[in-house]
J.: 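Quick one: structure below, then a few questions.
Just so you know, ligand 1 is whichever comes first in the structure, and atom 1 is the first atom listed for that ligand. Just so it is clear, the model here is predicted, and its values are computed rather than measured.
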Amino acid sequence: MRSPFFLKGNIIDGRAFSQSILASVTENIKTLETPPKLAVIMVGNHGPSEIYVHHKQRVAKEVGIEAILHHVDENISQEKLDHLIDSLNKDTSVHGILLQLPLPPHLDRVRSINAISPLKDVDGLTSENQGLLFAKRPRIIPCTPLGCFYILRELIDLKGANVTIVGRSFLVGRPLAALLMNHDATVTLTHRFTENLKDHCKDSDVIISAVGRPGLIREDFVKEGAVVLDVGITRVETETVGDVDFAKVSPKCKAITPVPGGIGPMTIACLMENTLKAMALQTV
Ligand code: NAP
C-alpha cells in the first residue's frame with residue numbers, strides 16, 4: 001500500500017496535510033459570491049496569543065477569508081466584552097467569531113465563550129457545540145481535535161483501537177475523546193491525577209498528548225508501532241517543543257507528529273474549514 005502523502009518516513013508532515021485542507025477551502029471560497037468574514041477578538045497583549053492571531057489572520061487572507069481583528073484593552077469589563085460579542089452575533093456580515101484564549105483572569109472564560117452564537121462559534125467551544133459532539137450529533141467540532149482526527153483516520157482503523165489521550169481540557173482532551181468515541185475507538189482520558197500513566201500509554205495503539213510538559217511521554221511509554229500525536233507546545237528558551245521525547249520515541253512509532261510542524265498547522269487549517277462551515281450554517 002502507498003503511504004499517505006503527508007508521511008515522510010514515519011514523520012507526519014502537518015504542514016503538507018494542512019495545505020491540502022487549505023487548498024480545498026480556497027476552492028470552495030472561490031465559488032461564493034461574498035467571502036466568509038471572521039471576527040477575531042484578542043484581549044490585551046499576551047505574547048503567544050499575538051503570534052497565533054497574526055498567523056491565523058495570514059492564513060485566512062491566503063484562503064480568501066476576511067479576518068477582522070478586534071484588539072481590546074486588557075482591562076475590558078466582562079459587560080463590555082459581552083456587548084462586543086453580542087454586536088458581532090447580530091452583525092449578519094460576520095460569519096465566524098473567534099475569542100483568542102487565554103483571557104485575563106478577571107474575565108469569565110466559560111461565560112465569554114458561551115456568549116458567542118453557536119452558529120458563529122468557529123472554535124466549537126460553546127457548551128451547545130460541545131454538547132452536540134458528545135451527543136454524537138456534531139456541528140462545529142473544535143479545531144485541534146478535528147485536526148488530530150483527520151490525521152488518525154488516514155493512518156489506522158479507529159474502530160476498536162485503543163487510544164490514550166493525555167490531558168482532559170475543554171479545548172483538546174474532552175472533545176477529542178468524544179470525537180474518537182463517536183468513531184468507535186476505545187478511549188482512555190488521562191489527567192494529572194491519573195496513576196500509572198505509563199501503563200495506560202504502553203497498551204495503546206494511539207497516544208495523543210495535550211499537556212504542555214516537555215518530556216512527559218518517554219520511550220518506555222510507547223509500544224512498538226504506535227501512532228503518537230503531540231499537541232503540546234512549550235517554549236524552551238528559543239525553541240518550541242512538544243510533550244513527547246521525540247528523538248527517543250520516534251524510532252518506535254508507526255507515525256508521529258513533530259513539534260513544530262505537526263498538529264499546529266492542522267489546527268489552523270481546521271479553523272478555516274470551520275469558518276466556511278459556520279457561513280454555510282447561517283445561509284441555509
Ligand atoms: P490545559 O487546559 O492546561 O490542560 C492541560 C491538561 O493536562 C489538563 O487536563 C491537566 O490535567 C493535564 N495534565 C497536567 N499535568 C499532567 C500530567 N503530569 N500527567 C497527565 N496529565 C497532566 O491545556 P490545553 O489548553 O489543553 O493545552 C495543552 C497543550 O497543548 C499546551 O501545551 C498548549 O499550548 C497546546 N495546544 C496546542 C495546540 C496546537 O494547535 N498544537 C492547540 C491547543 C493547545 P488536570 O485536568 O487534572 O489539570
Side-chain angles (χ1 to χ4, degrees), residues 6 11-15 17-18 21-22 40 46-56 58-60 98-103 105 108-110 112-113 122-125 130 141-152 163-180 187-202 204 207-218 220-222 228-236 239-246 256-274:
F6 59 86
I11 313 294
I12 297 163
D13 184 344
R15 291 197 181 99
F17 200 143
S18 72
I21 297 170
L22 294 173
V40 180
H46 180 252
S49 290
E50 287 184 33
I51 296 167
Y52 294 141
V53 164
H54 181 73
H55 195 181
K56 287 169 188 173
R58 185 175 59 71
V59 176
L98 182 147
L99 180 61
Q100 183 65 39
L101 300 173
L103 297 176
D108 181 334
R109 186 177 63 121
V110 175
S112 306
I113 288 170
V122 288
D123 261 340
L125 295 178
Q130 296 252 18
I141 298 174
C143 305
T144 304
L146 188 58
C148 292
F149 169 68
Y150 282 165
I151 291 173
L152 288 178
V163 179
T164 294
I165 300 172
V166 191
R168 58 174 168 180
S169 72
F170 286 89
L171 190 64
V172 187
R174 284 170 204 250
L176 181 56
L179 181 56
L180 299 182
V187 178
T188 304
L189 187 54
T190 66
H191 46 79
R192 94 177 58 225
F193 300 107
T194 299
E195 290 182 12
N196 305 323
L197 178 63
K198 174 176 150 182
D199 293 339
H200 290 286
C201 291
K202 241 172 43 186
S204 300
I207 301 168
I208 307 163
S209 187
V211 173
R213 263 192 64 176
L216 179 67
I217 308 300
R218 302 189 312 256
D220 55 340
F221 281 39
V222 181
V228 175
L229 304 187
D230 192 350
V231 176
I233 298 177
T234 307
R235 285 293 287 176
V236 179
E239 248 189 299
T240 302
V241 297
D243 295 342
V244 178
D245 182 347
F246 185 85
I256 183 168
T257 54
V259 177
I263 300 300
M266 292 297 286
T267 297
I268 294 187
C270 289
L271 173 66
M272 302 306 143
E273 200 178 72
N274 278 352

J.: In the protein, what heavy atom is nearest to atom 3 (O) of ligand 1, and what distance, to one decimal place, separates them?
T.: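 Checking every protein heavy atom, the shortest distance to atom 3 (O) of ligand 1 gives Val211 O, 4.7 Å.
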J.: Under a 3.5 Å distance rule, please check whether Ser169 uses its side chain to pair with a backbone N or O of Val172 as donor and acceptor.
T.: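 Looks like yes, one N/O pair under 3.5 Å.
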J.: Does Thr190 reach ligand 1 with a nitrogen or oxygen that is under 3.5 Å from one of the ligand's nitrogen or oxygen atoms?
T.: no
J.: Tell me whether ligand 1 is touched by Gly232 - counting only heavy atoms on the residue side and a distance under 4.0 Å.
T.: yes
J.: Any idea which protein heavy atom is nearest atom 20 (C) of ligand 1, and the distance to it?
T.: His191 O, 3.2 Å
J.: So, taking the atom named CD in Glu273 and the one named OG in Ser18, what distance separates them when rounded to the nearest 0.5 Å?
T.: 11.5 Å
J.: With heavy-atom distances below 4.0 Å as the criterion, list the atoms of ligand 1 near Leu171.
T.: 25 (O), 43 (C)
J.: Is there side-chain contact between Thr240 and Val259, with heavy atoms separated by less than 4.5 Å?
T.: yes
J.: So how far is it from Cys270 SG to Leu22 CG, rounded to the nearest 0.5 Å?
T.: 9.0 Å
J.: Counting N and O atoms only, with roles assigned by atom type, does the side chain of Asp123 sit under 3.5 Å from a partner on the main chain of Cys143, one being a donor and the other an acceptor?
T.: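 Judged by distance alone, no pair lies under 3.5 Å.
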J.: What atoms of ligand 1 come closer than 4.0 angstrom to any heavy atom of Gly167?
T.: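 In order of number, 6 (C), 7 (O), 9 (O), 12 (C).
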J.: Just to confirm, does any protein heavy atom lie below 4.0 Å from atom 15 (N) of ligand 1?
T.: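 Yes, at least one protein heavy atom sits under 4.0 Å from atom 15 (N) of ligand 1.
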J.: Closest non-hydrogen protein atom to atom 47 (O) of ligand 1, residue and atom name please, with distance?
T.: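 Looking at atom 47 (O) of ligand 1, the protein heavy atom closest to it is Arg168 NH2, 2.8 Å.
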J.: Going by the order shown, which atoms of ligand 1 are within less than 4.0 Å of some heavy atom of Val172?
T.: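 Those of ligand 1 that fall under 4.0 Å from Val172 are 26 (O), 43 (C).
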J.: As a check for students: among Ala210, Cys148, Gly212, identify the option with a heavy atom nearest to atom 5 (C) of ligand 1.
T.: Ala210
J.: Supply the atom-to-atom distance Asp220 CG to Asp245 CG, rounded to the nearest 0.5 angstrom.
T.: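 Asp220 CG to Asp245 CG: 10.0 Å, rounded to 0.5 Å.
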J.: I want to know if ligand 1 touches Ser169 in the polar sense, i.e. an N/O pair below 3.5 angstrom.
T.: yes
J.: Please check if the side chain of Asp230 supplies one atom and the backbone of Asp243 the other of a donor-acceptor pair under 3.5 Å.
T.: yes
J.: Looking only at protein heavy atoms, identify the closest one to atom 18 (N) of ligand 1 and say how far it is in Å.
T.: Arg213 NH1, 3.1 Å
J.: For atom 42 (C) of ligand 1, grab the closest protein heavy atom and report residue, atom and distance to one decimal in Å.
T.: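 The protein heavy atom lying closest is Thr144 OG1, 3.2 Å.
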J.: For Phe17, check ring-ring contact (aromatic ring centres under 6.0 Å, His included) against everything at least two apart and list the hits.
T.: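 Phe17 satisfies ring-ring contact (aromatic ring centres under 6.0 Å, His included) with Phe5, Phe6 only.
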J.: Note the single closest protein heavy atom to atom 37 (C) of ligand 1, along with its residue, its atom name and the distance in Å.
T.: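 Heavy-atom neighbour on the protein nearest atom 37 (C) of ligand 1: Val231 O, 3.0 Å.
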J.: Can you tell which of Val166, Ile233, Thr234 gets a heavy atom nearest to atom 33 (C) of ligand 1?
T.: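 Nearest heavy atom to atom 33 (C) of ligand 1 lies in Ile233.
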J.: Give the numbers and elements of all ligand 1 atoms closer than 4.0 Å to a heavy atom of Gly264.
T.: 40 (O), 41 (N)
J.: Just to confirm my output: which protein heavy-atom neighbour is closest to atom 48 (O) of ligand 1, and how far is it?
T.: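 Of the protein heavy atoms, Arg192 NE, 2.8 Å lies nearest.
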J.: Between Thr267 and ligand 1, which residue portion shows a heavy-atom distance shorter than 4.0 Å: side chain, backbone, both, or neither?
T.: side chain
J.: Would you list the pairs meeting side chain to side chain donor-acceptor pair (under 3.5 Å) in which at least one residue belongs to residues 170-179, sequence neighbours left out?
T.: none
J.: Can any side-chain N or O of Gln100 pair as donor or acceptor with the backbone N or O of Val53 at less than 3.5 Å?
T.: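 No: the side chain of Gln100 does not pair with the backbone of Val53.
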J.: Below 4.0 angstrom, counting only protein heavy atoms, does anything approach atom 25 (O) of ligand 1?
T.: yes
